[in-house]
Amino acid sequence: MPDILFHQYDSSPFSEKVRVCFGIKNLAWAAVDQPVIMPKPELVALTGGYRRIPVMQIGADIYCDSQLIVRELERRFPEPTFFPQGDHGLAYANAMWSDRTVFQAAVAIIFGGLGDRVPDAFIKDRAALSGRPFDPAALQAAVPHMEEQMRAHIGLLSDQLADGRSFLTGDHAGLVDANGYFNLWFIQFAFPPAASLFENVPLVCSWMERVKAIGHGQRSAVSREDALDIARTTEPMTGAVARRDTALEGRPVTVAADDYGRDAVEGVLVGSSEHHVSIRREDPRAGQVVVHFPRIGFSVQS
Ligand SMILES: N[C@@H](CCC(=O)N[C@@H](CS)C(=O)NCC(=O)O)C(=O)O
């Protein structure tokens, strides 16, 4: 069984970002399929309450948010790199463009387009996730504006490819390709009628074909129960604590996303850097686990 257990569902765009990353490194991984809406009892047993998808599990180490998943993949499996031209900082920063601005436009186009075909249970779940009404009628009203936004974002990709390069930074695919790709994949997957967005951008379409051809590495599957067993029977890693956090070391803290899905996770701070924070927690089903979060987009409270 592969070490990488990936809590995901097939229609999840942020999962697709990481699946492309698995492909770039040709990694072996096992999908642990999670429900699209709450409840997700096995997932929250591992994370302590974080419900978003995807989550990566390696033994009893639980990595939340695609930003940190990608960073951990690069740390553990440096070759081939996600940064074929260097530029690590810019490539990680580029996730704030794809994960927030472009994603929100994609959500409006897809769910506004689907309108009353969006199931009630999904609407209620996503309203609870965001803390705001999830209103397909309002999204529908926003579609013309969001399509203009999306055309402009797609135009940026087209500009980047204008010199005939194969991938966004040159001959080899990297993180920025996965970032640029996953929202467009989401639109094509979830709402094919929006295909007109891809008219007149042949360079983007052929680049998407090349990214798709990278594949997802070597995929297998593991059940949610087996993933919990693996966590329970494995020791989590221990890490270093950043100097400025020494006063917090071994003390209880909570960590929560600052945008949506803000459920706070409680644990004892056992690791940190300017890019991540790690907390240890005990769970009746998952045993002792360490849950890792990125710094960007998350707040830590003591
Ligand atoms: N910043 C997060 C965003 C994750 C996210 O929004 N995921 C969506 C699915 S693609 C989600 O969790 N939706 C609610 C759910 O699945 O319960 C990341 O990069 O992982």
Side-chain angles (χ1 to χ4, degrees), residues 4-22 29 31-57 62-74 82 91-111 114 118-119 121-134 139 175-176 178-191 216 224 255-263 265 275-277 291-299:
I4 299 173
L5 306 182
F6 187 57
H7 298 262
Q8 63 121 49
Y9 47 86
D10 282 347
S11 60
S12 150
F14 286 91
S15 299
E16 180 65 9
K17 180 213 284 196
V18 178
R19 291 186 296 249
V20 170
C21 287
F22 291 145
W29 58 283
V32 187
D33 282 334
Q34 292 289 344
V36 175
I37 60 174
M38 292 294 266
K40 308 184 190 191
E42 295 88 3
L43 183 72
V44 297
L46 290 164
T47 62
Y50 181 85
R51 61 158 286 185
R52 300 193 307 194
I53 293 292
V55 167
M56 181 172 77
Q57 173 187 353
I62 312 298
Y63 299 90
C64 296
D65 196 286
S66 62
Q67 273 184 87
L68 189 66
I69 293 172
V70 165
R71 189 177 281 282
E72 185 63 15
L73 291 176
E74 182 73 6
F82 288 140
Y92 283 123
N94 166 266
M96 291 298 104
W97 168 74
S98 57
D99 296 12
R100 296 202 170 194
T101 316
V102 187
F103 176 62
Q104 291 308 333
V107 165
I109 291 166
I110 293 166
F111 293 102
L114 289 171
V118 183
F122 185 89
I123 292 174
K124 285 200 183 83
D125 181 82
R126 292 312 193 252
L129 174 78
S130 63
R132 290 184 269 120
F134 185 92
L139 291 173
L175 175 58
V176 292
N179 287 345
Y181 175 78
F182 77 88
N183 285 302
L184 308 191
W185 168 88
F186 188 31
I187 292 172
Q188 290 189 341
F189 179 94
F191 194 59
H216 290 159
R224 299 197 288 263
V255 183
D258 71 4
D259 47 0
Y260 53 90
R262 298 179 183 200
D263 312 86
V265 180
H275 294 306
H276 84 286
V277 60
V291 191
H292 309 266
F293 298 91
R295 288 278 187 183
I296 295 177
F298 287 80
S299 75

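Counting starts at 1 for both ligands and their atoms, following the listed order. In this chain, residues are counted from 1 in sequence order.
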Please find the pair of heavy atoms, one from Y50 and one from V265, that lie closest to each other, and give the distance.
N-CG2, 3.6 Å
From the options I69, L68, I53, L43, select the one whose nearest heavy atom is closest to atom 11 (C) of ligand 1.
I53
Report the relative orientation of the aromatic rings in [X] and [Y]; use parallel for angles under 30°, tilted for 30 to 60°, perpendicular for over 60°.
X    : Y    : answer
W29  : H216 : perpendicular
F293 : F298 : tilted
F22  : F6   : perpendicular

Test: R52 cationic atom under 6.0 Å from Y260 six-membered ring centre, within 45° of axis:
yes
Which of the atoms of ligand 1 are close to [X], meaning less than 4.0 Å from one of its heavy atoms?
X    : value
P13  : 10 (S)
P54  : 20 (O)
Y9   : 9 (C), 13 (N), 15 (C), 16 (O)
V36  : 15 (C), 16 (O), 17 (O)
R51  : 14 (C), 15 (C), 17 (O)
Y260 : 3 (C), 5 (C), 6 (O)
L129 : 14 (C)

For [atom], which protein heavy atom lies nearest, and how many Å away is it?
atom                    : value
atom 1 (N) of ligand 1  : D65 OD2, 2.8 Å
atom 10 (S) of ligand 1 : S12 OG, 3.0 Å
atom 19 (O) of ligand 1 : S66 OG, 2.5 Å

Please lay out, stage by stage, how I4 and M56 fare under the test side-chain contact (heavy atoms from CB on, under 4.5 Å).
CA-CA 7 Å; I4 299 173; M56 181 172 77; 3.9 Å; yes
For ligand 1, does [X] get within less than 4.0 Å through its side chain, its backbone, both, or neither, judged by non-hydrogen atoms?
X    : answer
R126 : side chain
D99  : side chain
K40  : side chain

Donor-acceptor pair, R100 side chain versus M96 backbone, under 3.5 Å?
no
Between D65 and R71, does any NZ, NE, NH1 or NH2 come within less than 4.0 Å of an OD or OE carboxylate oxygen?
no
Identify whether the distance between the nearest side-chain nitrogen and carboxylate oxygen of D33 and R224 falls below 4.0 Å.
no
